[in-house]
Amino acid sequence: MVIGSGPGGYIAAIRAAQLGRKVACVEEWINHAGKPKLGGTCLNVGCIPSKALLASSEQFEKAQLHFGDLGITMDNLAVDVDKMVGRKEAIVEKITGGVEFLFRKNKITWLKGHGKLAGKDGANFKIDVSGDGKSESHTAQHVIIATGSKARHLPNVPVDNKIVSDNEGALAFTSVPKKLAVIGAGVIGLELGSVWRRLGAEVTILEALPEFLGTTDAALQKEAAKLFKKQGLTIHLGVKIDGVQTTDSSVSISYQDKDGNAQTLEADRLIVSIGRVPNTDDLGLDSIGLSADERGFIPVDGHCATKVPNVYAIGDVVRGPMLAHKAEDEGVLVAEIIDGQKPHIDYNCIPWVIYTHPEIAWVGQTEQALKAEGRAIKAGQFPMLANGRAMGIGETDGFIKIIADAQTDEILGVHIISANASDLIAEAVVAMEFKAASEDIGRICHPHPSLSEVMREAALAVDKRALNI
Ligand code: FAD
Ligand code: NAI
């Protein structure tokens, strides 16, 4: 029994079915049109819809500001928000329908409703499924909890998804706000802030931490801050939010700036993107002797096993990055463990991508973290500016930086800010999974002209022998 059908749960269900298990998956998601849906946060209100709106807004901005450089002039350029949001909805409909198809293909039973553990029946676990005024009880030999996460809200600031929105509302604005405030300069704040800025909103982001993108390599932080400022995204760091007042058509945020001075930000809309909390409410964990930790996560070991044999937990509801591909990999992992196999995930090789423009992507450790560990390292960096393909497509912002062990040359971290960084990072992930040295990438033939040549040049730069600079 899999509880939750986000990228963790639905992938676990498919892999377990491929391995010959009889699989059911409980899912309670009801979309804004009142229809039950599979796919979880990622497919319904996360990765997929946000990337659809990012693509529309990015193309608009390119047409507006950059097509001229390519020798293309356009008149009467306009934004049709209804159409953009409609396209996003159509993609969500198609991809969530795709999961339904995969469930049918793999003979996975979708139990529609809320799943709750209800103790044991002999060696099996009991799961109650309630929805539509009905409740039924099921049993399973193995349970995979994949209940995901929900947006964290500010205390005393109700989210109505009209004036004050979390990710759900921010993906469904029906018009471009004139002034948009965002609380939290994390991944959602930057991605959705970028969407609405590109479409014409004046966007101000308020961030509590004194550093911008604090967990990324300092070189990325610096470059990203410079580029986002140039694009017109205003980011105030080190703020303390004092209060949020709303009317039917506006919002006023009072805060202290980094110097402790009282400030007020007036806007038409506010997005609250201050992190996410795991979904463990009303899950009946105690009925089988489990409990969430103080932050709401289900404690698991390195192989996603809870302390109760045959019960696993994966994805956003457990430790580690809240990323769809991490959830998917854990889904495959536990299905294979249940099958008696011995799979493994190297959490150091899970890539991150922020889909701003340029994109930001990294895998492994930052230079600052490695230095703090006292590790002897060497680093190479190569700018997109010196790459022929980047010039041709008009994408010369950013760079790739590779960090390697000073003695063994093993790649320890790769940090990219550039167009298509989400695709470029995959080469670095493969290299790190295979414990490659920077010399390996430097010696491998890369297609010309392509942005991937920057990866090779950055690898050569580790040994101070980049060719095209
Ligand atoms: P979820 O996708 O949250 O799915 C959990 C499912 O369980 C839900 O459908 C829920 O209804 C169901 N459920 C919960 N409790 C019960 C219950 N008791 N009974 C029945 N069903 C239940 N990650 C990336 O890697 N790349 C991105 O580009 C990206 N973009 C994002 C953009 C936004 C705006 C947001 C909000 C998130 C984004 N993420 C992205 C994060 C990604 O969506 C999550 O990491 C991922 O969805 C986690 O998968 P999951 O399977 O653990 O949980
Ligand atoms: P986040 O953790 O990325 O960022 C939250 C930010 O809000 C942090 O910088 C934090 O310091 C700040 N913050 C917290 N409380 C605050 C307060 N009271 N006032 C001001 N600032 C405050 O969380 P976010 O953006 O909500 O996204 C949630 C998660 O969803 C991400 O961590 C990521 O795991 C996932 N996600 C992944 C994406 C991707 O992979 N491209 C895209 C979007 C989301």
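Since the structure is predicted, the reported quantities are computational estimates derived from the model, not experimental observations. Ligands are counted one by one from 1 in listed order, and the atoms in each one are counted from 1 as well.
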Which of the listed options, Cys47, Gly115, Gly9, holds the heavy atom that is closest to atom 19 (N) of ligand 1?
-> Gly115
Any idea which protein heavy atom is nearest atom 37 (C) of ligand 2, and the distance to it?
-> Val187 CG1, 3.9 Å
For Arg276, take its heavy atoms, then give the atoms of ligand 1 lying under 4.0 Å from any of them.
-> 36 (C)
What residue and heavy atom of the protein are closest to atom 5 (C) of ligand 2, and at what distance?
-> Ser273 O, 3.5 Å
Which atoms of ligand 1 are found less than 4.0 Å from any heavy atom of Tyr355?
-> 28 (O)
Ligand 2 atoms nearer than 4.0 angstrom to some heavy atom of Arg152 are 14 (C), 15 (N)
Can you sort out which atoms of ligand 1 are near Leu283, meaning under 4.0 Å from one of its heavy atoms?
-> 18 (N)
Run the side-chain hydrogen bond (donor to acceptor under 3.5 Å, both in side chains) check on Gln231 and Glu61 step by step: do they pass?
-> CA-CA 10 Å; Gln231 291 169 2; Glu61 187 164 72; 5.4 Å; no
Do any N/O atoms on Ala208 end up under 3.5 angstrom from N/O atoms on ligand 2?
-> yes
Between Lys240 and ligand 2, find which residue part has any heavy-atom pair under 4.0 Å and reply side chain, backbone, both or neither.
-> neither
Nearest to atom 30 (O) of ligand 2, what protein heavy atom do you find, and at what distance?
-> Arg276 CD, 3.7 Å
Hey, does Val45 sit under 4.0 Å from ligand 1 if you only count heavy atoms?
-> yes
Look only at interatomic distance and state if Glu27 has a nitrogen or oxygen under 3.5 Å from any nitrogen or oxygen of ligand 1.
-> yes
Min N/O separation His325 to ligand 1 under 3.5 Å = yes
For Cys42, counting its heavy atoms only, list the atoms of ligand 1 lying under 4.0 Å from any of them.
-> 2 (O), 43 (O), 47 (O)
Starting at CZ of Phe173, measure out to OG of Ser165 and round the result to the nearest 0.5 Å.
-> 4.0 Å
Report the part of Ile188 in contact with ligand 2, treating N, CA, C, O as backbone and CB onward as side chain, heavy atoms under 4.0 Å; options are side chain, backbone, both, neither.
-> both
Closest protein heavy atom (residue, atom, distance) for atom 39 (C) of ligand 2 = Val353 O, 3.4 Å
Counting each atom of ligand 2 from 1 as listed, which ones have a heavy atom of Tyr355 under 4.0 Å away?
-> 41 (N)
More than 12 heavy atoms of other groups within 6.0 Å of Gln341 CD = yes
Which protein heavy atom lies closest to atom 1 (P) of ligand 2, and at what distance to 0.1 Å?
-> Gly186 CA, 4.0 Å
In ligand 2, which numbered atoms sit nearer than 4.0 Å to a non-hydrogen atom of Glu191?
-> 39 (C), 41 (N), 42 (C)
Please write down residue, atom name and distance for the protein heavy atom closest to atom 19 (N) of ligand 2.
-> Ile183 CG2, 3.6 Å
From atom 49 (O) of ligand 1, work out which of Gly284, Gly331, Gly6, Pro7 has a heavy atom at the shortest distance.
-> Pro7
N-O pairing of Glu330 and Arg319 below 4.0 Å = yes
Charged N-O contact under 4.0 Å between Lys179 and Glu266 | no
Logged contact type for Thr41 with ligand 1, heavy-atom cut-off 4.0 Å, is both
Which is closest to atom 5 (C) of ligand 1 by heavy-atom distance: Pro278, Ala146, Gly4, Ala327?
-> Ala146
Give the atoms of ligand 1, by number and element, whose distance to some non-hydrogen atom of Lys51 is under 4.0 Å.
-> 27 (C), 28 (O), 29 (C), 30 (N)
Carboxylate-amine/guanidinium proximity below 4.0 Å for Lys240 and Asp242 = yes
Backbone or side-chain N or O of Ala324 under 3.5 Å from ligand 1 N or O = yes
Ranked by distance from atom 33 (C) of ligand 2, the top protein heavy atom is Met322 O, 3.5 Å
Quick one: look at Ile3 and ligand 1, take heavy-atom pairs under 4.0 Å, and tell me if it's side chain, backbone, both or neither.
-> side chain
Please confirm whether Ser273 comes under 4.0 Å of ligand 1, counting heavy atoms of the residue only.
-> no
N/O of Ala185 under 3.5 Å from N/O of ligand 2, yes or no?
-> no
Does an N or O anywhere in Asp316 fall below 3.5 Å from an N or O of ligand 1?
-> yes
side-chain contact (heavy atoms from CB on, under 4.5 Å) with Val311: which of Leu117, Ile298, Ile288?
-> Ile288
Is Asn167 touching ligand 2 with its side chain, its backbone, both, or neither, if touching means heavy atoms under 4.0 Å apart?
-> neither
Would Leu424 and Glu359 count as a side-chain contact (heavy atoms from CB on, under 4.5 Å) if you check the C-alpha gap in whole Å, the side-chain angles of each, and the deciding distance to 0.1 Å?
-> CA-CA 10 Å; Leu424 292 170; Glu359 293 176 349; over 6 Å; no
Numbered atoms of ligand 1 (with element) below 4.0 Å of Thr147, judged on heavy atoms = 5 (C), 7 (O), 14 (C), 15 (N), 16 (C)
What are the atoms of ligand 1, with element, lying closer than 4.0 Å to any heavy atom of Asn167?
-> 34 (C), 36 (C)
Subset of ligand 2 atoms that lie under 4.0 Å from at least one heavy atom of Leu323 | 40 (O)
Identify whether the distance between the nearest side-chain nitrogen and carboxylate oxygen of Glu395 and Lys62 falls below 4.0 Å.
-> yes
What atoms of ligand 2 come within less than 4.0 Å of a heavy atom belonging to Leu154?
-> 18 (N)
Touching ligand 2 at all, Gly275? Heavy atoms, strictly under 4.0 Å?
-> yes
Where the closest heavy atom to atom 35 (C) of ligand 1 is concerned, which of Gly46, Gly8, Ala12 has it?
-> Gly46
Can you pull out the closest protein heavy atom to atom 53 (O) of ligand 1? Residue, atom name and distance to 0.1 Å, please.
-> Gly148 CA, 3.1 Å
Lys258/His236 under side-chain contact (heavy atoms from CB on, under 4.5 Å): CA gap, chis, key distance, verdict = CA-CA 8 Å; Lys258 62 178 181 358; His236 297 301; over 6 Å; no
In terms of side-chain geometry, is the basic nitrogen of Glu93 or Lys37 positioned less than 4.0 Å from the acidic oxygen of its partner?
-> yes
Short N or O distance, Leu209 and ligand 2, threshold 3.5 Å exclusive | no
Closest to atom 11 (O) of ligand 2 among protein heavy atoms sits Glu207 OE2, 2.6 Å
Please name the residue in the list Val332, Val23, Ile108 that meets the side-chain contact (heavy atoms from CB on, under 4.5 Å) test with Ile14.
-> Ile108
Give the numbers and elements of all ligand 2 atoms closer than 4.0 Å to a heavy atom of Ile241.
-> 19 (N)
Distance col, row Glu328:CD vs Tyr10:OH, nearest 0.5 angstrom, shows 5.5 Å
Under 4.0 Å from one or more heavy atoms of Leu206, ligand 2 contributes atoms 20 (C), 21 (N)
Contact region, Ser149 to ligand 1, non-hydrogen atoms below 4.0 Å, reads backbone
Check the side chains of Glu168 and Asn161 for a donor-acceptor pair under 3.5 angstrom, ignoring hydrogens and angles.
-> no
